[in-house]
Amino acid sequence: MKPSSLSSFRPAGLLAGLLAGALLASAQPQPPQNLRCEYLTNPEAVDAAPPRLSWQPVSTLRGDAQTAYQILVSKETAAAAGDVWDSGQTKSAQFVNVAYAGKALESGKTYFWKVRSWDKAGTASPWSNVARFGTGLLNSGDWKGKWIAGGNALRKEFNVTGKVTGAKIFIAAAGYYELHVNGARIGNHVLDPSNTTFSERVLYNAYDVTRFVHPGANAIGVLLGEGWYANRIALVQMNIELEGGQKIEVSTDSTWQAGSSPITMDSLYNGESYDARLEQPDWDKAGFSGEAWKPAEEKPSPTKIVSAQMMPPIRALQEMTPKRMSSPKPGMFVYDMGQNFSGWVRLKVSGPRGTVVKVRHSELLYEDGTLNVENLRAARATDTYTLKGEGTEVYQPRFTQHGFRYVEVTGYPGTPTMDAIQARVVHSDVTPIGGFSSSKEILNQIQHIVQWGISSNLMSMPTDCNQRDERMGWMADGHLYAEAAMYNFDMAAFYTNWLQDMHDAQAADGSVPDTTPRARFAQGAADPSWGAAYPLVLWYSYQQYGDRRLLEQHFDGVRKWSDFMWSKSKDGTTDFIKYGDWVPVDFTPGPLVSTVYSYVAADIAAKTAQAIGKTAEATALRQRADAIKDGFNKRFYNSAEGYYGNGTQGSQILPLAYGMAPDAIRGHVAGYLRNQVVYHNDSHLTTGILATKHALPVLAKFSGLDLAYDVAVQRTFPSWGYMIDNGATTIWELWQKKEGPSMNSHNHAMFGAIGDWFMTDLAGIQQVPGGEGYEKVAIRPGVTRDLKWASGNFETLRGKVLSSWQRTDDGLKLEVMVPFGSTAEIVIPKLQLNNVSLLESGKTIWQGKQAAEPVDGVAAVKENDGEIVVQAGSGRYLFELKGK
Ligand code: BGC
């Protein structure tokens, strides 16, 4: 993945693409594309009941829609003939998350499916390509083995007495695993399985290993790492089918052997040590003597639930090559990778047996060019490789990960060359789906630090940071950058999993922890603004993906969290506070912040109840939300001064963002805020992480986009530009430049919400209320100040949405893409021009305050004071506003 390349597209290219697209308009019906099951492409194991299927109909016609679909599903045959489900021609516009409704699915099988769809004119598409999904081990009795432990390597030999027609391995581990069959490493996941609240749930993965298993003697090998579990334990179930229907099962028990691997130490924070002299060639093949190995120990299950990992795994992705190397001291070599990221280094070395090479990682350098690791606190971030002394040796760690820009190599035999190290970017392999770019360089640079900052903090959970001795699922950090993540990466399965983790981690009293998965820092109940991640991420997911089942699954959970908050409240407000508007320049009172997030909890719980038809609950929760709002205004509004709380920016922004200021005072508060920002702070923010997320949208909404833009493009303290001008390649934890032993991570994504503002307010891609999942899109290009053009796009589940605008000598050009089957309200600002006309692909559709030529897909046009509003169906449009 290369986040930076996403920002490189320009409107000119898109305009050319549009013309090419027009030529296709008369093409034949196309098959549906992008078939997915539970948001995943060809997943090996899903255990959601029933699994849901999604696809994207393809049409070159504007305003097209699906009128019907037919799905065929079959077991074990790639023909997808429909033997377990033939939906028949089903009249429906739905193509996202259609629930499987065929014969009961069997455990541990592979199912093949295809789909066709009928368009608006009633024409059937060709059948799609065949996709597949595997079922997980659906019944607890399907796991025949025991959890085993006893070393950091496990192995088992087994015999196969016929021709193998199918073989699947299911593997669960607490800590990390790497799986081998007959000498081959299986799959390309790393740091697997995902981190969970292990006492509640451990995730398993499935692999089709048919081509690795053969008649005769075979072997499975498993390496285990400590990971977040800080221990090592695994459960394996392998199901083999032979020609003639015979079945062989291989599962973990004390007949497995436990031994040790060359990994002599592995720790997420401290690094990995590997002694190549301890390698045991062929340990993962049949016939290995294994003399030093002992029987594995059978252990009680570490968890209550073992379920399928239904999210993109962590993978080693992009290669990074060093930009510079220096030698600040004899024998010490320091490489600059030019970018802060998550991952590890691959070392190439040859030298005498027993030579020990040390690789240390840091975000910062001292002036003398040596590594500054002070801000890593207790994390040692050191990998150590001991040479076996056989030719060129290549090593990269397996069970650790570092957050770094600089690499120090010591102990290297001789002087390493530039290519002695290469690095791999490692994080959850969420597909990049979009980006934002503009004519203003500082905004593009901010987009760069947002994309790198967020992606390097996606480690099966959204983390706070990726380098020091934390790296946990801190809940506020997670909700603050969730929307920006959703505009840049395909996060549907990732957040579905995180919500499941929150559900698992919720205590009987309704409280959720500050970090999910529950971890060592997270004792007791979360700070109200951290716990708000449960309702907020649920609601963001619903907005982006329209997933109603998530609302059904988590309504109870978010209601209980709201109940908990209510139990901590008196007269609607709460004094319960741990962190509040964290790391601000100006401090906002804690009870004010906590009460806002208590309101958020009640408000979202009420909306969730409403959306899933629980009317009585919705009414009760709405009353609660109103009571919190009343209590908030009584306690925190200072009517003499006309501001909330202690008058900080944060005290105004939060209630304005969540609609808590009554009509009568909203204008005062917004005006007061504007004065604070403009006159008292020279158009800079003084907010902490919570209010910063809402600062730019609130300023834009109440004081105009120009002011929000002025703040966004600042380069002096405190601003994103200040970070960049001081060397940031990812977002900092603090507005301040600090590099000492205190809390100052240089890769903390929580100030990254500016990334969602780029999309919603500058590119101008929004949703019409009630249009969840981009069924009803709103396009509102943010033309402001010196911005000449801005462009944003991302893949929704219904297809690409795009808004790309460019000023011209006499108006504005705007290219829009509306996802398939969706509608859009496109609001084109008149830019104070007179006698405006509007063209679409060269045809005048509006002139002299009335509609002119009709064009395909455009249902209506009207002119208001400051804008022209177009209603359009799906497809691509090229508008041109002209005026005097
Ligand atoms: C983390 C944060 C987190 C906070 C709680 C810090 O140490 O890195 O980002 O949200 O603690 O206040």
Side-chain angles (χ1 to χ4, degrees), residues 195 228 268-269 340 342 363-364 373-379 381 401-404 449-450 453-454 456-459 461-482 484-485 498 501-502 505 511-534 536-537 576-585 587-594 596-597 600 650 654 687-693 718 720 723 728 730-736 738-754:
N195 185 13
W228 286 104
L268 267 170
Y269 296 151
N340 194 333
S342 294
E363 298 189 292
L364 302 166
V373 294
E374 291 180 43
N375 72 341
L376 305 186
R377 304 195 308 211
Q401 161 268 310
H402 309 287
F404 63 104
I449 66 171
V450 166
I454 290 175
S456 49
N457 277 293
L458 302 176
M459 285 295 171
M461 57 186 164
T463 60
D464 57 335
C465 61
N466 66 342
Q467 72 300 79
R468 71 173 178 224
D469 53 355
E470 289 201 55
R471 315 183 196 179
M472 290 182 301
W474 280 101
M475 298 265 271
D477 308 50
H479 74 69
L480 290 170
Y481 64 79
W498 201 39
D501 281 345
M502 292 184 205
S511 67
V512 291
D514 282 311
T515 68
T516 297
R518 204 176 263 282
R520 76 190 149 97
F521 282 82
Q523 302 309 320
D527 178 281
S529 321
W530 270 240
Y534 196 4
L536 282 169
V537 173
F576 176 46
I577 170 80
K578 290 163 134 182
Y579 321 116
D581 194 19
W582 188 242
V583 293
V585 175
F587 179 77
T588 292
L592 180 151
V593 179
S594 290
V596 168
Y597 284 89
V600 167
L654 291 172
T687 42
I689 53 172
L690 301 169
T692 298
K693 167 155 170 101
W720 292 272
M723 298 180 191
T730 43
I731 304 162
W732 292 352
E733 177 175 25
L734 306 177
W735 291 120
Q736 293 84 356
K738 288 196 178 172
E739 304 192 334
S742 59
M743 195 185 87
N744 67 95
S745 133
H746 287 240
N747 190 351
H748 236 75
M750 61 201 188
F751 279 122
I754 187 170

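Keep in mind the model is a prediction, meaning the values are calculated, not measured. Ligands are counted one by one from 1 in listed order, and the atoms in each one are counted from 1 as well.
Looking at Tyr579 next to ligand 1, no N or O pair under 3.5 Å apart turns up. For a threshold of 3.5 Å applied to N or O pairs, the pair formed by Trp474 and ligand 1 contains no separation below that value.
Partners of His402 by ring-ring contact (aromatic ring centres under 6.0 Å, His included), not counting sequence neighbours, listed by chain and number: His361. Partners of Glu739 under the salt bridge (charged side-chain N to carboxylate O under 4.0 Å, His left out) rule, at least two apart in sequence or in another chain, are Lys737.
The shortest heavy-atom distance from Glu733 to ligand 1 is under 4.0 Å.
Here the rule is side-chain contact (heavy atoms from CB on, under 4.5 Å) with Asp477, and of Glu733, Glu470, His748 only His748 fits it.
Checking Thr463, Asp514, Asp477 against atom 9 (O) of ligand 1, the nearest heavy atom belongs to Asp477. Nearest residue to atom 7 (O) of ligand 1 from Met472, Arg377, Glu470 is Glu470 (criterion: closest heavy atom).
Of the possible polar contacts, none joining the Ser342 side chain to the Asn466 backbone as a donor-acceptor pair under 3.5 Å is found. Between the side chain of Asn744 and the main chain of Gly740, a donor-acceptor pair closer than 3.5 Å is present.
In Lys578, neither the side chain nor the backbone holds a heavy atom less than 4.0 Å from any atom of ligand 1. Contacts between Arg468 and ligand 1, counted as non-hydrogen atom pairs separated by less than 4.0 Å, involve the side chain only.
Residue His748 approaches ligand 1 through these ligand atoms, each under 4.0 Å from one of its heavy atoms: 1 (C), 2 (C), 8 (O), 9 (O). Near Asp464, meaning under 4.0 Å from one of its heavy atoms, ligand 1 places the atoms 1 (C), 8 (O), 9 (O).
Ring planes of Tyr597 and His479: tilted class, angle from 30 to 60°.
Using a 4.0 Å cut-off between charged nitrogen and carboxylate oxygen, Lys578 and Asp514 count as a salt-bridge pair.
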